[in-house]
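Okay, so here's the structure we're looking at.
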Amino acid sequence: KEDVEKGSSFITTFTRRFGKFVQLNLTFIIPAALIVFLCVATYFAPYFLGMQYFPMVKFGNSELNLYDTYVTYLPLILLTIPLSGTMVVARRLANGDYAFVLNETLKGIKENWKPFLINGAICYFYYVTASFAFMYYLSEVNNNWLFYIPLVFVVKLTSNNFFILFLSYF
């Protein structure tokens with residue numbers, strides 16, 4: 001039996017299906033915790049392996065550790081895999097359809113993991129490119145005021161892509 005009619009308000013849907021949303025968040029948080037642990041392990045791995053040198057890039061007066069800034073967060077791409085199943089179930093629950101949380105999540109992961117993983121890789125590539133460009137142009141503004149133009153462009157492009165990414169998931 002349906003406990004929520006189709007087209008009902010968000011508050012009604014959320015309060016009547018609160019238990020299902022809690023189950024859905026738990027099915028997402030378990031793999032997410034493992035991926036965050038993998039990020040922490042990636043951060044500390046060179047220290048345990050005895051590596052002393054990390055590639056550094058100099059921007060004006062500051063230096064950027066490439067390993068800490070980019071490699072450490074590389075496992076976050078894997079976070080899109082459990083997100084693919086979570087989004088399928090969340091959409092079904094929000095539309096008023098009944099969903100078995102674990103079964104639907106696993107089915108959603110099997111059907112959608114490739115596009116979500118590609119999207120995660122594109123977002124990671126964009127993060128690397130935009131953050132590097134932002135730091136470079138910000139450091140070069142002291143030398144020449146014309147670097148404000150690409151700096152503003154990078155900030156504007158980043159904000160637009162953030163909202164496009166946000167809207168693509170919802």
> If every non-hydrogen atom of E104 is compared with every non-hydrogen atom of A99, which pair is closest and at what distance?
Replying inline: CG-CB, 4.0 Å
> Any donor and acceptor pair, going by atom type alone, linking the side chain of Y136 with main-chain N or O of S131 inside 3.5 Å?
Replying inline: no
>> For T69, is there any backbone N or O sitting under 3.5 Å from a side-chain donor or acceptor partner on T72?
In response: no
> Can you tell me how far the CG atom of L102 sits from the NZ atom of K107, to the nearest 0.5 Å?
Replying inline: 13.0 Å
>> Minimum heavy-atom separation for M56 and N65, please, with both atom names.
In response: SD-CA, 3.4 Å
> Near F48 CZ, under 6.0 Å, is it more than 12 heavy atoms from other residues, nucleotides or ligands?
Replying inline: no
> Out of curiosity, D68 CG to Y43 OH, how far, rounded to the nearest 0.5 Å?
Replying inline: 4.5 Å
> What are the two closest heavy atoms between R92 and Y98, and how far apart are they?
Replying inline: NH2-O, 2.7 Å
> What is the minimum heavy-atom distance between I77 and A121, and which atoms define it?
Replying inline: CG2-N, 3.9 Å
>> Assess, by modelled atom type and distance only, whether the side chains of T42 and Y73 contain a donor and an acceptor separated by less than 3.5 Å.
In response: no
> What is the minimum heavy-atom distance between L151 and L138, and which atoms define it?
Replying inline: CD2-CD1, 3.9 Å
>> Is it true that, when you exclude Y127 itself, more than 12 heavy atoms of the residues, nucleotides or ligands shown sit nearer than 6.0 Å to its OH?
In response: yes
> So does K156 have more than 12 non-hydrogen atoms from other groups sitting under 6.0 Å from NZ?
Replying inline: no
> D97 side chain to L93 main-chain N or O, any donor-acceptor pair under 3.5 Å?
Replying inline: no
> Measuring from L83:CG to N112:CG, what's the distance to the nearest 0.5 Å?
Replying inline: 10.5 Å
> What are the two closest heavy atoms between V154 and Y126, and how far apart are they?
Replying inline: O-OH, 4.4 Å
>> Whether the side chain of T80 engages the backbone of G120 through a donor-acceptor N/O pair (distance < 3.5 Å, no angle test) should be reported.
In response: no
